[in-house]
*Asks:* 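The structure follows.
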Amino acid sequence: MTTFDYAARMRRARVEMQERKVDVLLASLGSELPYLTGYTAMPLERLTMAVIPTIGETVLVVPELEAPRIDPIPGLFTIRPWGETEDVIAIVADLVGDATTAMIGDHTWSVFLLALQEALPGTSFVSARPLTRALRVIKEPAEVELLRRAGASADIVAGLLAQHRFSGKSEAQVSSEVSAMLEANGTDTAGFAIVAAGPNGASPHHESGERMITAGDAIVIDFGGTVGGYGSDTTRMFHVGEPSPEYNEVHNAVQRAQEAAVAAVRPGVTAETVDAAARDVITAAGYGDFFIHRTGHGIGLDGHEDPYIVAGNSEQIEPGMAFSIEPGVYLPGHFGVRIEDIVVCTDEGVERLNSSPREVAIVE
Ligand code: ZN
Ligand code: ZN
């Protein structure tokens, strides 16, 4: 298990908070807490919240019965367990004190935010997203290494799937097979596996169901699991039997679009330029209206995070940013094609974290 330098992260967080004139950061559910302390809150009705002042001691307020889960890092924070009959909002409010501005993680439940706002009428609450973005958008080498390992594990699974039997199985069955393959090949979790066959492939976030896979189906499989909290996210195409000329034309366009966008990644290029590199190829092939989502998203502790590779995002790509490149074409009622890799921007250009073949795999 990789251990990160949480004290250094905490120092960087405080510098950013000071620059933004923020007095305290409140971290609950979401990735701020694990990023800064290594501890992940349980997503339950009992509040867990780290109160991280710009100056002073960090206190992790945690339900008493969950305190034994915490592996405290000496000097990083103290633990304030709260019992079943205590008022946790009052405890947090007391720690926040007379802070003028509090940053709060986007994934904090509104029930807690609303109660804190009522208890702290003199404190204004702002989103922690700009802070966490500043801290997390450039990956540390150890984070890239975990992303690399997650990608390698997904590549092994892609190779197994190219030899796999699909016909006669439901999407849901193949989805659980993919999850089992991920766990057996290096990921810590079964992760996720979208399996969308035939016309279902035209729905990018299809929920794998009972549809039976049959001859002539194009199958979109979008999958990934985590290693040390960092995920893989890759999409490969499979076809039961020989594809139609139309399928091949679309696949070819998507594959060329994916290549073009990956090739466009280098320090200083804007996110929207990378998106356009993929989109231009698909538009030129006549399928522009059917590429209905952005080209990619950042990946780290969150499966989707900054930077977003989308038209209108003029932020520059920098070394250490990790994100997906996943153009797709979705023909309603027919099929969909998506090809997805995770890439990392390097000093020289780009490193792909997935290397399994991007051609369609003909399967049984
Ligand atoms: Zn994906
Ligand atoms: Zn993705």
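For the single chain, residues carry numbers from 1 onward in sequence order.
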*Asks:* Can His164 and Glu177 be counted as having a side-chain donor-acceptor contact under 3.5 angstrom?
*Replies:* yes

*Asks:* Return the minimal non-hydrogen interatomic distance between Val344 and Ala322, and the atom names on each side.
*Replies:* CG2-CB, 4.0 Å

*Asks:* For Glu210 and Ala172, which heavy atoms make the closest approach, and how far apart are they?
*Replies:* OE2-CB, 3.9 Å

*Asks:* Answer yes if Ile213 and Phe335 sit in the same cluster of Ile, Leu, Val, Met, Phe, Trp and Tyr residues linked by side chain heavy atoms under 4.5 Å apart, and no otherwise.
*Replies:* no

*Asks:* When you measure from the centre of the six-membered ring of Tyr308, is the NZ or CZ of Arg294 closer than 6.0 Å and no more than 45° off the axis?
*Replies:* no

*Asks:* Taking the side chain as C-beta and beyond, is there a heavy-atom pair between Tyr247 and Val337 under 4.5 Å?
*Replies:* yes

*Asks:* I'd like to check Gln258 versus Asp341 (side-chain heavy atoms, cut-off strictly below 4.5 Å). Are they in contact?
*Replies:* yes

*Asks:* Evaluate the criterion salt bridge (Lys or Arg N to Asp or Glu O under 4.0 Å) for residue pair Glu143 and Arg136; output intermediate values, then yes/no.
*Replies:* CA-CA 10 Å; Glu143 293 179 290; Arg136 285 168 41 201; over 6 Å; no

*Asks:* Report yes or no: does Ser167 contribute a side-chain atom to a donor-acceptor pair with the main-chain N or O of Thr214 at less than 3.5 Å?
*Replies:* no

*Asks:* Are Glu305 and Lys139 within salt-bridge range, i.e. N to O under 4.0 Å?
*Replies:* yes

*Asks:* Less than 4.5 Å apart, any side-chain heavy atom of Arg211 and any of Asp217?
*Replies:* yes

*Asks:* Please tell me whether Phe238 and Phe166 form a close aromatic pair, meaning their ring centres lie under 6.0 Å apart.
*Replies:* yes

*Asks:* Sub-3.5 Å donor-acceptor pair from the side chain of Asn354 to the main-chain atoms of Ile342, do we have one?
*Replies:* yes

*Asks:* Does a side-chain heavy-atom distance below 4.5 Å link Ser232 with Leu147?
*Replies:* no

*Asks:* Under a plain distance cut-off of 3.5 Å, with no hydrogens placed, do Ser153 and Thr187 share a side-chain donor-acceptor pair?
*Replies:* no

*Asks:* Is any side-chain heavy atom of Arg46 closer than 4.5 Å to one of Glu84?
*Replies:* yes

*Asks:* With a 6.0 Å cut-off on the ring centroids, do His297 and Phe323 count as close?
*Replies:* no

*Asks:* Where do Pro243 and Ile362 come nearest, in terms of heavy atoms and distance?
*Replies:* CD-CD1, 3.4 Å

*Asks:* Is any side-chain heavy atom of Tyr6 closer than 4.5 Å to one of Thr37?
*Replies:* no

*Asks:* Shared ILVMFWY cluster between Ile299 and Ile325, side chains joined below 4.5 angstrom?
*Replies:* no

*Asks:* I'd like to know if Arg236 and Glu340 make a salt bridge, using a cut-off of under 4.0 Å between side-chain N and carboxylate O.
*Replies:* no

*Asks:* Only pairs under 3.5 Å count here: list side-chain donor-acceptor contacts from residues 104-118, not counting sequence neighbours, and write none if there are none.
*Replies:*
unit_1 : atom_1 : unit_2 : atom_2 : d
Asp106 : OD1    : Ser127 : OG     : 2.7
Thr108 : OG1    : Gly105 : O      : 2.9

*Asks:* Looking only at heavy atoms, which two atoms of Ser175 and Ala193 are closest? And how far apart?
*Replies:* OG-O, 2.8 Å

*Asks:* Under 3.5 Å, which donor-acceptor pairs do the side chains of residues 263-288 form with other protein atoms, sequence neighbours left out?
*Replies:*
unit_1 : atom_1 : unit_2 : atom_2 : d
Arg266 : NH1    : Ala264 : O      : 3.3
Thr270 : OG1    : Thr273 : N      : 3.2
Thr270 : OG1    : Thr273 : OG1    : 2.5
Glu272 : OE1    : Gly312 : N      : 2.8
Asp275 : OD1    : Arg279 : NH2    : 3.0
Asp275 : OD1    : Thr295 : N      : 3.1
Asp275 : OD1    : Thr295 : OG1    : 2.8
Asp275 : OD2    : Arg279 : NE     : 2.9
Arg279 : NH1    : Phe291 : O      : 3.1
Arg279 : NH2    : His293 : O      : 2.8
Thr283 : OG1    : Arg279 : O      : 2.8
Tyr287 : OH     : Glu249 : OE2    : 2.8

*Asks:* Indicate if Val240 and Met237 have the same hydrophobic cluster label, given that clusters are the connected sets of ILVMFWY residues with side-chain heavy-atom separations under 4.5 angstrom.
*Replies:* no

*Asks:* Could you check whether any side-chain N or O of Glu86 sits under 3.5 Å from a backbone N or O of Gly83, counting only pairs where one atom can act as donor and the other as acceptor?
*Replies:* yes

*Asks:* Strictly by modelled atom types, are Arg20 and Thr54 linked by a side-chain donor-acceptor pair under 3.5 Å?
*Replies:* no

*Asks:* Measure the shortest side-chain to side-chain distance between Leu33 and Thr48 over non-hydrogen atoms and say whether it is less than 4.5 angstrom.
*Replies:* yes

*Asks:* Taking Val195's backbone N and O only, do any of them form a donor-acceptor pair with Ser208's side chain (distance below 3.5 Å, no angle check)?
*Replies:* yes

*Asks:* Determine, stepwise, if the pair Tyr39 / Arg69 fulfils side-chain hydrogen bond (donor to acceptor under 3.5 Å, both in side chains).
*Replies:* CA-CA 9 Å; Tyr39 180 70; Arg69 300 176 76 232; 2.8 Å; yes

*Asks:* When hydrophobic residues are tied together by side-chain contacts of less than 4.5 Å, even through go-betweens, does Leu182 share a cluster with Val174?
*Replies:* yes

*Asks:* Pair Thr235, Arg358 - check side-chain hydrogen bond (donor to acceptor under 3.5 Å, both in side chains), show working.
*Replies:* CA-CA 9 Å; Thr235 308; Arg358 294 170 195 90; over 6 Å; no

*Asks:* May I ask you to decide whether Arg148 forms a salt bridge with Glu351, counting only side-chain N to carboxylate O separations under 4.0 Å?
*Replies:* yes

*Asks:* Under a 3.5 Å threshold, yes or no: a donor from one side chain and an acceptor from the other, between Ser31 and Asp302?
*Replies:* yes

*Asks:* Flag the pair Arg129 / Glu32 as yes when at least one side-chain heavy-atom distance between them is below 4.5 Å, and no otherwise.
*Replies:* no

